[in-house]
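Here the structure is a predicted model, which means the values were calculated and not measured.
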Amino acid sequence: MTASTIRVDPRWLALRGPADARARTAHGATVVADLTRHLLARSAGGARRAVRLVDVGAGTGAGAAWLRWRLPVAQSWRLIDRDADLLALATPVADGWAEPVVADLAELPSLLAARPADVVTCQALLDLLTADQIATLLRPAVASDAAVLLSLSVTGHVTLRPEHPDDDLVNEAFNAHQHRSHLLGPDAGKHAAAALRARGYTVTAVPTPWRLGSADRDLTAAWLHGRAQAAGEQMPGDSGRIARWLDQRLAAAARGGLVATVGHVDVLGIPPGRTGERP
């Protein structure tokens, strides 16, 4: 998690950026429309200033950049990440429309207490958090009466075509690895949605799966390596089978003959008592 303990390779962020954007553009229109409706209703209610958005674990700012152009309101952005090197690479910072803030997730409550937000967002972050860390993320957002958009959390559902006899073995091992050290892994999206509903939020959850094909060979190869490494750590007794699976899957991807659908979900929470909510 870039907001807490794990250092993310900027090369991985660059590789996944196009797939993230495709997934959200193809499937995430509902949550963007609902967030837009909420923000326009807020402006119509008399709040004429720019909407204050905070992106947590922002990395190089791809999530903020994707969302900015889809919200038809004046915006003021803060990108929060513990990794100053990633923020230094962020296009929104270089272009001057986002303020970088080097801080850990644990500092978010004090940051939002000092300067509240209207929208708190993150991308590809929830599955790297524990339940306590998700509470740390959501609590100050709720206290700010902010909308919450939690994007591209993995769901644990993966399909590969053509199939391989060890696809299920690797998927089960990978998902188990995602739960290490009390992390929520593929359960994080559902957990966050339930937590927001418990606080009176109107919640919309929309599948935003990656679909990787022959045009995504570099990303697919990196993704396969990551799955095999995690699966091998989780099930060292099956390391030989996992290594053979990886070799065969990499060969298929290099030939352009592998299609992967990787489940993700976007979760939008609209605070209670707001006009413009979706029925």
Side-chain angles (χ1 to χ4, degrees), residues 1-2 6-28 57-60 62-63 66 83 86 89 122-129 150-180 183-189 207-236 238-266:
M1 182 189 75
T2 58
I6 298 174
R7 188 178 181 90
V8 177
D9 189 335
R11 292 171 296 182
W12 168 248
L13 297 180
L15 275 177
R16 69 172 292 159
D20 288 341
R22 286 201 312 268
R24 299 186 70 190
T25 300
H27 304 286
T60 54
W66 184 90
D83 192 330
L86 287 180
L89 297 172
C122 68
Q123 175 169 284
L125 175 63
L126 285 192
D127 44 281
L128 301 176
L129 303 182
L150 313 168
S151 298
L152 293 167
S153 300
V154 297
T155 64
H157 301 295
V158 171
T159 59
L160 293 168
R161 295 290 182 270
E163 296 180 352
H164 185 285
D166 286 330
D167 285 344
D168 288 343
L169 169 74
V170 172
N171 197 49
E172 291 171 9
F174 179 84
N175 288 341
H177 189 269
Q178 290 291 90
H179 283 112
R180 68 198 185 284
L183 301 180
L184 288 180
D187 299 324
T208 48
W210 281 355
R211 185 172 174 82
L212 308 180
S214 59
D216 306 292
R217 295 179 190 183
D218 289 343
L219 174 59
T220 300
W223 175 77
L224 288 168
H225 275 289
R227 290 182 71 75
Q229 179 179 345
E233 291 174 0
Q234 185 67 28
M235 299 180 65
D238 288 309
S239 59
R241 288 177 64 185
I242 293 167
R244 288 190 293 274
W245 172 90
L246 176 61
D247 288 343
Q248 292 164 17
R249 285 320 207 178
L250 287 172
R255 294 192 301 268
L258 185 67
V259 174
T261 302
V262 185
H264 294 84
V265 65
D266 278 19

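When all heavy atoms are compared, the tightest approach of Ala222 to Leu15 is CB-CD1, 3.9 Å. In this structure, Leu212 and Ala19 approach most closely via the heavy-atom pair CD2-CB, 4.0 Å. The nearest pair of heavy atoms linking Trp66 to Ala21 is NE1-O, 3.6 Å. Annotation for His264 and Leu152: closest pair CD2-O, 3.5 Å, computed over non-hydrogen atoms. Nearest heavy atoms, Pro209 versus Pro207: CD-C, 3.4 Å. Closest approach of Ala228 to Leu246, counting heavy atoms only: CB-CD2, 3.8 Å.
With sequence neighbours left out, Asn171 forms a side-chain contact (heavy atoms from CB on, under 4.5 Å) with Val158, Asn175, Arg227. Remark: Leu89 pairs with Pro10, Thr60 by the side-chain contact (heavy atoms from CB on, under 4.5 Å) rule, at least two apart or across chains. Annotation: side-chain contact (heavy atoms from CB on, under 4.5 Å) contacts of Gln234 (sequence neighbours excluded): Ala173, Ala176, His177. For His27, there are no side chain to side chain donor-acceptor pair (under 3.5 Å) partners two or more places apart in sequence or in a different chain. In this view, Thr208 and Asp266 satisfy the side chain to side chain donor-acceptor pair (under 3.5 Å) rule, not counting sequence neighbours. Every residue two or more places apart in sequence or in another chain that forms a side chain to side chain donor-acceptor pair (under 3.5 Å) with His179 is listed here: Asp187. Contacts of Arg11 classified as salt bridge (charged side-chain N to carboxylate O under 4.0 Å, His left out), with partners at least two apart in sequence or in another chain: Asp9. Residues satisfying the salt bridge (charged side-chain N to carboxylate O under 4.0 Å, His left out) criterion with Asp20, sequence neighbours excluded, are Arg16. Residues forming a side-chain contact (heavy atoms from CB on, under 4.5 Å) with Ala252 (at least two apart in sequence, or on another chain): Arg255, Leu258. For Asp167, the salt bridge (charged side-chain N to carboxylate O under 4.0 Å, His left out) partners two or more places apart in sequence, or in a different chain, are Arg249. Not counting sequence neighbours, the partners of Gln248 by the side chain to side chain donor-acceptor pair (under 3.5 Å) test are His164.
Looking only at side-chain heavy atoms (C-beta outward), Gln123 and Arg24 come within less than 4.5 Å of each other.
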Taking it one step at a time, do Asp238 and Leu169 satisfy side chain to side chain contact (heavy atoms under 4.5 Å, CB included)? CA-CA 9 Å; Asp238 288 309; Leu169 169 74; 3.9 Å; yes
Taking it one step at a time, do Asp166 and Ile242 satisfy side chain to side chain contact (heavy atoms under 4.5 Å, CB included)? CA-CA 8 Å; Asp166 286 330; Ile242 293 167; over 6 Å; no
Please step through side chain to side chain contact (heavy atoms under 4.5 Å, CB included) for the pair Leu184 and Asp127, ending with a clear verdict. CA-CA 6 Å; Leu184 288 180; Asp127 44 281; over 6 Å; no
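Here the straight-line distance linking atom OG of Ser153 with atom CG of Leu125 works out to 7.5 Å at 0.5 Å rounding. The CD atom of Glu233 lies 10.5 Å from the CZ atom of Phe174; values are rounded to the nearest 0.5 Å.
Sorted by first then second residue, the side-chain hydrogen bond (donor to acceptor under 3.5 Å, both in side chains) pairs that include residues 212-225, not counting sequence neighbours, are Arg22-Asp216.
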